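A short write-up of the structure that comes next.
Throughout, residue positions are numbered sequentially from 1 according to the sequence presented. Keep in mind that this is a model prediction, so the values were computed, not measured.
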Amino acid sequence: MSLFSRLFGGGSQEPDPPESYEGFTITPEPIKDGNHFRIAARIEKEVAGQLKSHHLIRADTLESHEAAKAASLGKARQVIDEQGERLFD
């Protein structure tokens, strides 16, 4: 790992795999924030032949990447249940 990667938090961490939910694709994208991880995910769906995308970012932070990943998926599912395709309006 290069000096810049170590200084600025870069690395070879593989991206988290997407999950399908109610016709949407959720990709968890926790954001490193100091020693914690911020809840974040990308929600996508093809609507009328166009790929629509919404980036979900929450203020909540958790101590581990795995916990933030699980919380990101859960929050994205909740948003989909509440808003459905209106999420892209």
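- You'll find the side chain of I80 stays beyond 4.5 Å of the side chain of Q78, heavy atoms only.
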Would you tabulate the side-chain donor-acceptor contacts of residues 47-55 under 3.5 Å, counting partners in other chains and residues two or more places apart, or write 'none'?
none

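- Residues A68 and F37 approach most closely at CB-CB, 3.5 Å, considering heavy atoms.
- Using a 4.5 Å heavy-atom threshold, the side chains of I57 and E29 count as separate.
- Residues passing the side-chain hydrogen bond (donor to acceptor under 3.5 Å, both in side chains) test with E46: none are found, sequence neighbours excluded.
- The salt bridge (charged side-chain N to carboxylate O under 4.0 Å, His left out) analysis of residues 78-89, with sequence neighbours excluded, yields the pairs K45-E85.
- Side-chain contact between S72 and T27 is absent, with no heavy atoms from C-beta onward closer than 4.5 Å.
- Legend: salt bridge (charged side-chain N to carboxylate O under 4.0 Å, His left out) pairs involving residues 58-68, not counting sequence neighbours, sorted by first then second residue: R58-D60.
- The side-chain contact (heavy atoms from CB on, under 4.5 Å) check on E19 picks up Y21, I26, L73, R77, with sequence neighbours excluded.
- Listed here is the closest heavy atom pair of P30 and P28: CD-C, 3.5 Å.
- In the hydrophobic clustering, L62 connects to I39, either directly or through intervening members, whenever side-chain heavy atoms lie under 4.5 Å apart.
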Check against side chain to side chain contact (heavy atoms under 4.5 Å, CB included), V79 and L87: CA-CA 8 Å; V79 168; L87 181 64; 3.5 Å; yes

